[in-house]
Amino acid sequence: MKNTTISDAFGKRRADIQAIWTKQLTSAAGSAKGRLSSTELEQQARQFLELFHPAVQSNQLDDINGSEWLEVRAFLEDLSRRRVLAGFSSDETALFIFSLKRVLFDILKDESAGDAMQMADHFWQMNVLLDKLGLHTVKSYQRTREEVINRQQHELLELSTPVVKLWDGILALPMIGTLDSARTQVVMESLLQKIVETESQIAIIDITGVPTVDTLVAQHLIKTVTALRLMGADCIISGVRPQIAQTIVHLGVDLHGVTTKANLADALALALKRSGIAFTKK
Amino acid sequence: MDRIPILRMGEFLLVTIQVDMHDELAMRLQDDLTNAIQTKGAKGVLIDISAMEMVDSFIGRMIADISGMAQILDAKTVLVGMQPAVAITLVELGLTLPGVATALNVDRGMQLLRRSMDDGDDDASFQR
Amino acid sequence: MTAMTTLHSSGELPLKTERDIVLGRQTVRRLSQEQGFSLVDQTKIVTAASELARNALIYGGGGVLIWEVLLDGIKRGLRLTFKDEGPGIPNLELALTDGWTSGHGLGLGLSGARRLVNEFELDSAVGQGTRVTVTRWK
């Protein structure tokens with residue numbers, strides 16, 4: 001009897017594979033949880049097999065990094081991305097590929113027509129192939145997760161320090177908590193952006209809520225003041241605590257040319273005065 | 001030959017840089033502007049760079065030079081509209097343009113020039 | 001470069017005239033935009049490119065700009081190499097000092113460009129030329 005190849009077996013039984021696999025995917029309790037409809041799962045299984053089939057036919061089963069597998073890889077990357085965003089766990093996501101093992105092994109068993117050597121050989125090849133595709137899926141999943149986390153971190157940084165308008169033309173940035181370099185940078189960039197958007201002349205950076213300032217953060221503050229001046233705005237730093245004043249001097253950071261005030265109220269009074277606004281008591 | 005247009009607004013000159021300048025064009029602007037200050041008897045110059053996506057040390061130096069030359073020709077220079085990303089980059093580059101007056105936009109720059117005219121020769125109040 | 005870093009794409013531009021500097025800036029701007037760099041990061045790498053391209057042209061008598069888009073895990077980076085066959089730099093340490101210049105510039109080109117990127121490499125041999133490689137990661 002003529003040897004059947006994996007590709008032959010796959011081609012011959014494609015419809016069966018799709019039907020059984022889809023059934024497995026939709027019945028697996030973990031995979032759905034209401035996040036994916038059975039129609040979606042069926043569609044994903046069909047799309048995957050449409051790409052998987054020609055790739056298997058290429059007979060390049062031991063290397064999924066080649067161009068034959070490009071579309072399959074891209075499909076799995078896209079699938080992982082969607083599943084990350086839909087809140088799937090990594091094992092639930094990998095199950096998409098691994099659940100195909102059982103289906104394909106059964107089909108290969110049927111098609112081997114009792115040739116044990118050939119069956120073992122096909123099992124092994126398919127096993128290695130699906131493991132690689134599964135790993136690729138998990139890797140894509142992790143990559144997307146990292147991207148999501150990175151983005152959220154950035155958003156959190158921006159949210160953690162809002163730029164507020166105190167008066168027409170006067171913005172304040174009340175900073176609270178420990179300042180690290182990354183946070184200071186994000187916050188300063190959003191302050192500069194707000195200055196342009198609101199056409200504000202004066203920015204007050206209030207550091208009352210900041211316990212310590214190191215050299216790097218002090219330098220960021222000075223750079224911000226300088227950048228604001230280049231843009232044509234003025235900057236006042238308020239709420240400098242005695243310890244911070246000591247640190248700044250000990251660190252040898254030059255705050256020359258930077259206006260500082262003891263508290264936010266004094267800073268606002270100065271900002272109003274510079275803007276030519278005066279109050280009188282009734 | 002490319003040239004950056006210099007507009008006259010009363011006793012002030014307005015230059016809006018909207019192209020990615022090559023070095024020769026920047027030098028030509030410096031020539032044209034100093035000549036225009038002289039021939040038009042301008043008392044102030046506004047350089048609007050709000051459309052510029054980048055200022056490197058060459059352009060930075062040109063701006064500082066224009067400001068210095070204008071000063072000698074008895075005209076004040078105000079650099080207006082620098083974008084945040086450009087300002088952050090310039091500071092990182094180490095170019096802080098200490099002698100150059102700045103304003104958020106053309107309107108504010110104009111106010112600054114007018115105020116300095118009213119104050120007469122009091123340069124100290126003009127320079128920040 | 002870590003073992004994880006892979007090359008996504010690359011290209012080369014001549015640096016023979018002042019207009020090539022402008023072209024170089026525009027190319028670097030486009031590439032950094034394509035990599036999703038923030039506006040500030042774009043501006044930093046474009047400005048560094050402008051400084052280094054001008055150095056290669058003025059002090060190196062012209063050269064080339066080689067750009068490479070890098071992938072390292074989820075990080076994306078842009079590496080720029082400026083190569084000239086000019087007189088070279090006799091004292092590298094001095095050349096990297098703020099304010100030092102052999103020409104008419106402000107002396108901020110090399111030292112300033114170094115502050116605008118994440119990785120900076122300077123190679124120079126007197127009489128053979130200079131190669132500066134800078135990388136900025138997203």
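Here the structure is a predicted model, which is why all the values come from computation and not from measurement. Residue numbers start from 1 in every chain, and the chains themselves are labelled A, B, ... in the order their sequence lines are given, proteins ahead of strands.
- Considering every non-hydrogen atom in both B:E92 and C:R115, the closest pair reads O-NE, 2.7 Å.
- Between B:M54 and C:S50 the shortest heavy-atom distance is SD-CB, 3.8 Å.
- In this structure, the separation between NE2 on B:H22 and CZ on C:R19 is 3.5 Å, given to the nearest 0.5 Å.
- Panel note: side chain C:E18, backbone B:E24; a donor-acceptor pair is recorded below 3.5 Å.
- Heavy atoms only, all atoms of each residue included: C:V40 and B:T89 are closest at O-OG1, 4.2 Å.
- For the pair C:L39 and B:Q83, the minimum side-chain heavy-atom distance is 4.5 Å or more.
- For the atom pair C:T17 OG1 and B:D23 CG, the distance stands at 10.0 Å (nearest 0.5 Å).
- Other residues, nucleotides and ligands place more than 12 heavy atoms under 6.0 Å from the CD atom of B:Q30.
- The two atoms that bring C:T47 and B:L93 nearest to each other are CG2-CD2, 4.1 Å, heavy atoms only.
- Heavy atoms of other residues, nucleotides or ligands lying less than 6.0 angstrom from CD of C:Q33 number more than 12.
- For B:R108, the CZ atom counts as densely surrounded, since its 6.0 Å shell holds more than 12 non-hydrogen atoms of other residues, nucleotides or ligands.
- With hydrogens and angles disregarded, a donor-acceptor distance shorter than 3.5 Å links the side chain of C:R29 to the backbone of B:E53.
- More than 12 heavy atoms of other residues, nucleotides or ligands sit less than 6.0 Å from atom NZ of C:K75.
- A distance of 9.0 Å separates CG of C:L116 from CG of B:L90, quoted to the nearest 0.5 Å.
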